[in-house]
There are 2 protein chains.
Amino acid sequence: MSEIKDRPYHHGNLRRALIDTAMDMLAADQNWAFTLREVARRTGVSHAAPYKHFRDREMLLRELARIGFIRLGESLTEAMSAGLPSMRAQFVAAAQACIGFACQNPGLYRLMFSADADKTIDPHLHDAAMSTFGILLGLLERGQRDGSFRSVAVSALAAACWAQVHGLAMLAINNQLLEEKVGSAPVPAALDVLLDGMCRND
Amino acid sequence: MSEIKDRPYHHGNLRRALIDTAMDMLAADQNWAFTLREVARRTGVSHAAPYKHFRDREMLLRELARIGFIRLGESLTEAMSAGLPSMRAQFVAAAQACIGFACQNPGLYRLMFSADADKTIDPHLHDAAMSTFGILLGLLERGQRDGSFRSVAVSALAAACWAQVHGLAMLAINNQLLEEKVGSAPVPAALDVLLDGMCRND
DNA sequence: TGCATAAGTTTCTCCTGTAAACATGGAGGG
DNA sequence: CCCTCCATGTTTACAGGAGAAACTTATGCA
């Protein structure tokens, strides 16, 4: 009855279909030339149909970004709950999960941090982003409580980590971590430097 | 004779005029909705004129990015040559100069690190970017020689610094350094954490 | 003097975003 | 059980952008 049958109803639940198609396109095209019309075309509906579900193109983009933050959060949570012994190892795992996520979904990741995904417009998007950021904060707080991380203001740690990881992700995506300049394994190397500043090393 | 008189010649040296107009637009519009046609319009020529000087829209964008890297390099050099006593202070100055540059020219900075400015296509752009990156490398090497910075592989330091500074710049531009999450002065706080890992602290 | 050519302009095609008018079919009231 | 309304589609229309091609000028040079 309520089974998925491709286009059950009037046309099906287009909203979901459009999001899925767009997500697929983001994954496939690293060129990132997003077009509402092509999303509609690939979904098999007229080019005006999407406007019944999204006020404009950017509203769809924001929804994609929101889902991206949720997925990123899941990746982070999963990486951190792998039962790694030290906080430091957990942090490295989370950072690498984030950068891995970015490299596997460059279009989506770029979108999530682009001006198109304006967090001041869409509270849901804002919440999703903050929730994901909160995962990082949680890790840092736990690390401070158990003495792994230094007891400076957690906001300083957070800014440093957030910037570092996001910076590495962006540079990795844009192929700007050239081996000639930055070594063969820049991500762990950079994280080590940061962690040396974060961890208690007495 | 060869004085600038707005439109001296056939029409003047359009190339330069287009670049200047585009640069002004980048500085004014934070919205970053770049159109070749509007650049042409604002420069007072037909919409097809730019194609006599730039193969396509992206070629102009790449030239803008190239100039941006040169300017950023100048900012960095200036910040570093302010006669600051310690390497650490010099690094902070350079980092803040970079982030300040980004905040004052968000459109340009975003362009410089966007997919539109594809460094694999344009060797001149690639060289400009590498040259600017080289300024950072130079600072790190000097700091290692005089014992300020730890003697790990300089490429690890470079990756960490590059990512950190670029990450902070991008987050700052995108208004994602929210005080509630990241404190009131996230930039120096984050740099301090990083520097604690970079510097010899024995 | 006169022509080849760089540099601009017009015109054209194809694409996009978005609005408005129109169509349709399923759900709910009589 | 039918009829009507509305959500969800489609068609059509319009403004703008990228870029190609054909046309026009004025300059530098033979």
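By convention in this document, chain letters (A, B, ...) are assigned in the order of the sequence lines, proteins followed by strands, and residues within each chain are numbered from 1.
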- Query: Between A:F113 and A:H166, how do the two ring planes meet: parallel, tilted or perpendicular, split at 30° and 60°?
  - Reply: tilted
- Should A:L36 and A:H47 count as side-chain neighbours, where that means a heavy-atom distance under 4.5 Å? no
- Query: A:F34 CZ to C:dC15 P: how many Å, rounded?
  - Reply: 18 Å
- Message: Heavy atoms only, 4.0 Å cut-off, all strands: where does A:R41 land among base, sugar-phosphate and nothing?
- Response: sugar-phosphate
- Query: Hey, are A:N105 and A:R110 close enough side-chain-wise for a donor-acceptor pair under 3.5 Å?
  - Reply: no
- Measure from CG on A:D116 to P on C:dG17 and round the result to the nearest Å. 12 Å
- Query: In terms of the nearest nucleotide of DNA chain C, which residue is placed more toward the 5' end: A:R55 or B:A48?
  - Reply: B:A48
- For the pair made of CE in B:M25 and C1' in D:dG17, what is the distance, rounded to whole Å? 13 Å
- May I ask you to say what A:R37 touches in the nucleic acid, namely base, sugar-phosphate or nothing, with a heavy-atom cut-off under 4.0 Å? base
- Item | A:F54 CZ to C:dA19 P, straight-line distance once rounded to whole Å | 16 Å
- Task: Determine the contact category for A:S46: base if any of its heavy atoms lies under 4.0 Å from a base atom, sugar-phosphate if only primed atoms, P, OP1 or OP2 are that close, otherwise nothing.
- Result: base
- With the side chain of A:H53 defined as its heavy atoms from C-beta on, choose the nearest nucleotide among D:dG9, C:dG8, C:dT16. D:dG9
- Note on the structure: B:A128 and B:I70 have their tightest heavy-atom pair at CB-CG1, 4.4 Å
- Pairwise distance CZ(A:F69) to CD(A:E74) - rounded to 0.5 angstrom: 14.0 Å
- Rounded interatomic separation in angstrom, taking NE2 from B:H47 and P from D:dA20: 12 Å
- Query: Quick one: on DNA chain C, does A:T35 or B:K52 contact a more 5' nucleotide (nearest heavy atom)?
  - Reply: B:K52
- Message: Can you measure A:E38 atom CD to C:dC14 atom C1' for me and round it to whole angstrom units?
- Response: 14 Å
- Could you state the OH-P distance from A:Y51 to D:dC14, rounded to the nearest angstrom? 17 Å
- Query: Between B:L18 (CG) and D:dA18 (P), how many Å, whole number?
  - Reply: 13 Å
